[in-house]
Visitor: 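Okay, here's the structure, questions in a sec.
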Amino acid sequence: MSTQPQHHIVQIGSPKEKTILSKSQKEFNRLIRKIEKLSSDLQTLSEAARQIQIRIQRDYRPLVDQYNQFRADLVLLFDRAYGMNDYSKTEKKKLADLIRNMAFELIDTHGITELKSIYDKYDEEGFDKTNTESEELTADLMKEMMSNMFGIQFDENVDVSDPQKMTDYVQEQMAQREAERQQQAANSKAKKPKSEKQQAREAKKLVEERNVTKAVRTLYMDLVKAFHPDREPDEAEKVRKTEIMHRVTEAYEKSDLLALLRLQLEFEHIDQAHLENLAEEQLRYYNKILKQQAEELDNEFVDLQHELASMTGRPAYLITSPIALEFSLNSDIAQLKRDIKQIKQDSKTLAEPSRLKQWLKTYRIQKPDDLSFF
């Protein structure tokens with residue numbers, strides 16, 4: 001017998017019959033619809049993200065490597081030109097600047113380390129020292145920015161030499177500061193005697209939390225009693241109940257009220273009439289759980305958007321669907337193919353000394369951050 005999950009509609013009343021619903025019943029239906037949409041959107045975007053990651057490795061990364069190899073070949077071309085007597089002092093100065101800027105980025109960002117020996121010919125300090133100084137300068141700037149933004153004091157010996165280490169340290173300091181703030185607030189609160197109203201509010205909140213937890217646990221225990229496989233003598237039925245219990249336990253561990261309600265409908269432990277006759281107090285607890293579940297799914301969706309934004313270089317708010325992801329990647333691949341075609345033509349053209357000399361007349365020595373060529 002199949003135990004594959006089925007999609008059972010959880011809803012109070014019927015739109016066709018125009019059932020008159022209470023405020024809590026309407027809220028229940030609204031939250032169910034929101035959770036179903038968020039779950040569907042999250043699943044769709046997660047699958048799209050998985051496919052995009054495959055395509056990035058299969059279709060995009062090889063093109064990036066190919067493009068950067070052409071850029072590395074240009075560095076070698078400029079190096080050979082520098083060694084010729086055909087170029088003036090000014091032209092060689094420009095060639096050296098090109099070599100330093102292009103080689104540094106290709107080594108540092110793309111790992112083409114065979115260009116180190118070329119770079120070192122045109123920089124007295126050499127790549128390793130220049131790179132260390134650059135990292136130290138970047139780290140110092142980031143420390144200053146984080147100190148100004150969050151008031152964080154950096155330990156002199158802390159290693160924040162890369163973005164991940166910087167992020168980890170900032171998060172650790174922020175968490176520590178928040179913990180200290182909460183402890184101070186707790187200590188201050190403990191010293192101050194609570195009024196009767198405060199005590200009553202806290203007691204009511206505690207009861208509410210217990211009742212919300214109990215609402216989920218009651219559904220869970222009802223399913224456990226029906227489908228626990230340990231006392232089942234029939235082997236085939238035992239296998240079926242074991243599979244069902246996996247689904248029940250997974251839903252309970254996630255506090256997934258919607259999944260538990262679906263399971264009860266699927267296995268006919270409740271029916272539509274049961275949902276429509278839920279007491280207002282029970283609905284209120286259910287709605288609290290569903291609201292929290294919707295917020296968690298919403299946060300999960302936003303986190304996935306930011307993860308994909310980091311991966312694709314697109315703003316998070318533009319990453320809303322598989323179509324948007326696919327369009328973004330296809331556009332990047334098409335542009336990269338055009339760039340490769342162009343740099344191949346440029347390499348062929350600049351291999352001729354007369355054409356290179358002509359191009360160097362238009363080149364202005366720039367800072368690495370200002371580069372907009374090749």
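Heavy atoms only: backbone and side chains are in, while hydrogens, waters and symmetry mates are out. All residue numbers in this chain count up from 1 along the given sequence.
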Visitor: Between Gln292 and Glu296, is the side-chain contact (heavy atoms from CB on, under 4.5 Å) condition met? List the steps.
Guide: CA-CA 6 Å; Gln292 182 179 355; Glu296 288 171 356; 3.4 Å; yes
Visitor: Donor-acceptor pair, Ser39 side chain versus Ile35 backbone, under 3.5 Å?
Guide: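 Here the side-chain-to-backbone pair exists.
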Visitor: Side chains of Gln69 and Asp65: any donor to acceptor distance under 3.5 Å?
Guide: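 Side chains of Asp65 and Gln69: no pair found under 3.5 Å.
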Visitor: So, Glu250 and Lys254, do they make that salt bridge, N to O below 4.0 Å?
Guide: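 Salt bridge between Glu250 and Lys254, a charged N being under 4.0 Å from a carboxylate O: yes.
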Visitor: Heavy-atom count around Ile54 CD1 within 6.0 Å, excluding the residue itself: above 12?
Guide: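 It does: Ile54 CD1 has more than 12 such atoms within range.
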Visitor: Testing the 3.5 Å rule here: is there a donor-acceptor pair between the side chains of Ser255 and Gln293?
Guide: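 Checked: Ser255/Gln293 side chains show no N/O donor-acceptor pair below 3.5 Å.
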Visitor: Indicate the atoms forming the closest heavy-atom contact of Tyr82 with Ala96, along with that distance.
Guide: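 Distance-wise, the nearest heavy atoms are CE1-CB, 4.1 Å.
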Visitor: Search all heavy atoms of Ala49 against all heavy atoms of Leu304 and return the closest pair with its distance.
Guide: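 Minimum heavy-atom separation between Ala49 and Leu304: CB-CD1, 4.4 Å.
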Visitor: So do Tyr87 and Leu356 actually touch side chain to side chain, heavy atoms under 4.5 Å?
Guide: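 The answer is yes; the side chains approach within 4.5 Å.
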Visitor: Which heavy atom of Phe301 sits nearest a heavy atom of Leu42, and at what distance?
Guide: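 What the structure gives for the nearest pair is CA-CD1, 3.8 Å.
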Visitor: With the side chain counted from C-beta on, respond yes when Val224 and Thr249 share a heavy-atom pair under 4.5 Å apart, and no when they do not.
Guide: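 No, too far: nothing below the 4.5 Å cut-off.
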Visitor: Going by atom types alone, do Glu172 and Gln176 pair a side-chain donor with an acceptor below 3.5 Å?
Guide: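 Side-chain D/A pair, Glu172 to Gln176: absent.
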Visitor: Any side-chain donor-acceptor pair under 3.5 Å between Asn330 and Arg55?
Guide: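 The criterion, which ignores hydrogens and geometry beyond distance, is satisfied for Arg55 and Asn330.
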Visitor: Out of Ile112, Asp346, Leu106, Leu115, which residue meets the side chain to side chain contact (heavy atoms under 4.5 Å, CB included) rule with Arg71?
Guide: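 For Arg71, the side chain to side chain contact (heavy atoms under 4.5 Å, CB included) test succeeds with only one of Ile112, Asp346, Leu106, Leu115, which is Leu106.
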Visitor: Of the non-hydrogen atoms in Asp230 and Lys238, which two are nearest, and what is the gap between them?
Guide: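 Looks like O-NZ, 4.5 Å.
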Visitor: To the nearest 0.5 Å, what is the distance between CD (Gln25) and CD (Gln11)?
Guide: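 It is 11.0 Å, given to the nearest 0.5 Å.
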Visitor: Between Asn299 and Glu295, is there a donor-acceptor pair closer than 3.5 Å when you use the side chain of the first and the backbone of the second?
Guide: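 The answer is yes, because a donor-acceptor pair under 3.5 Å joins these two groups.
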Visitor: Would you name the heavy atoms of Leu336 and Leu63 that are closest together and state the gap between them?
Guide: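 Scanning both residues completely, I find the closest heavy atoms to be CD2-CB, 3.5 Å.
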Visitor: Judged by atom type as modelled, is there a donor-acceptor pair below 3.5 Å linking the side chain of Lys241 to the main-chain atoms of His228?
Guide: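 No, because the side chain of Lys241 does not come within donor-acceptor range (under 3.5 Å) of the backbone of His228.
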Visitor: Counting C-beta onward and ignoring hydrogens, is there a side-chain heavy-atom pair between Arg30 and Lys26 closer than 4.5 Å?
Guide: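 Answer no - side chains too far apart.
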Visitor: Nearest 0.5 Å, please: how far is CG in Leu45 from CD in Gln305?
Guide: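 Gln305 atom CD to Leu45 atom CG measures 7.0 Å (nearest 0.5 Å).
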Visitor: Could you grab the distance from atom CD of Glu36 to atom CG of Leu38, nearest 0.5 Å is fine?
Guide: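 So the CD of Glu36 and the CG of Leu38 are separated by 10.5 Å.
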Visitor: Can you find a side-chain donor-acceptor pair between Tyr122 and Asp97 that sits under 3.5 Å?
Guide: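 Short answer, no.
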Visitor: Applying ring-ring contact (aromatic ring centres under 6.0 Å, His included) to Phe127 and Phe104, what does each step give before you reach the verdict?
Guide: CA-CA 7 Å; Phe127 175 82; Phe104 186 92; 5.2 Å; yes
Visitor: Could you walk me through whether Glu47 and Gln51 pass side chain to side chain donor-acceptor pair (under 3.5 Å), step by step?
Guide: CA-CA 6 Å; Glu47 176 58 26; Gln51 294 297 329; 2.9 Å; yes
Visitor: Can you tell me how far the CD atom of Gln57 sits from the CD1 atom of Ile52, to the nearest 0.5 Å?
Guide: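 These two atoms lie 12.0 Å from each other.
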Visitor: Are Phe327 and Leu308 connected in a single hydrophobic cluster, I mean Ile/Leu/Val/Met/Phe/Trp/Tyr linked by side-chain heavy atoms less than 4.5 Å apart?
Guide: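 No, Leu308 and Phe327 fall in different hydrophobic clusters.
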Visitor: Do you know the tightest heavy-atom contact between Lys94 and Ile365?
Guide: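 Lys94 and Ile365 have their closest heavy atoms at CG-CG1, 4.4 Å.
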Visitor: Say whether, by atom type as modelled, one donor and one acceptor occur between the side chain of Asn287 and the main chain of Ser24 under 3.5 angstrom.
Guide: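 Yes; at least one donor-acceptor contact below 3.5 Å.
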Visitor: Drop me the distance from Ile319's CD1 to Glu307's CD, to the nearest 0.5 angstrom.
Guide: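 These two atoms lie 10.0 Å from each other.
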Visitor: In Å and rounded to the nearest 0.5 Å, what is the CZ to CG distance from Phe78 to Leu95?
Guide: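 Output value for this atom pair is 7.0 Å.
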Visitor: Quick check against the 3.5 Å criterion: does Glu352 have a side-chain atom that pairs as donor or acceptor with the backbone of Ser354?
Guide: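 No, the answer is negative, given that no donor and acceptor are paired below the 3.5 Å cut-off.
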Visitor: Any donor-acceptor pair under 3.5 Å linking the side chain of Asn68 with the backbone of Val64?
Guide: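 Yes, the answer is positive, given that a donor and an acceptor are paired below the 3.5 Å cut-off.
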Visitor: For Arg338 and Gln335, test the side chains for any donor-to-acceptor distance below 3.5 angstrom and give the result as yes or no.
Guide: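 Looking only at side-chain atoms, Gln335 and Arg338 do form a donor-acceptor pair, the distance falling under 3.5 Å.
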Visitor: Report, as yes or no, whether the 6.0 Å neighbourhood of atom NZ on Lys357 holds more than 12 heavy atoms from other residues, nucleotides or ligands.
Guide: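 Above 12, so yes.
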Visitor: Let me check something: do Ile99 and Leu76 share a hydrophobic cluster, defined by ILVMFWY side-chain heavy atoms less than 4.5 Å apart, either directly or through other members?
Guide: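 Result: yes, single cluster for both.
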Visitor: Dump the intermediate steps for salt bridge (charged side-chain N to carboxylate O under 4.0 Å, His left out) on Glu280 and Arg284, then the final yes or no.
Guide: CA-CA 6 Å; Glu280 281 292 309; Arg284 189 158 53 85; over 6 Å; no
Visitor: Could you give me the CA-CA distance, side-chain angles and deciding distance for Ile32 and Ile12, then say whether side-chain contact (heavy atoms from CB on, under 4.5 Å) is met?
Guide: CA-CA 10 Å; Ile32 291 291; Ile12 297 176; over 6 Å; no
Visitor: Are Thr218 and Tyr285 packed together at the side-chain level, in the sense that at least one heavy-atom pair is separated by less than 4.5 angstrom?
Guide: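 Result no, sub-4.5 Å side-chain heavy-atom pair not found.
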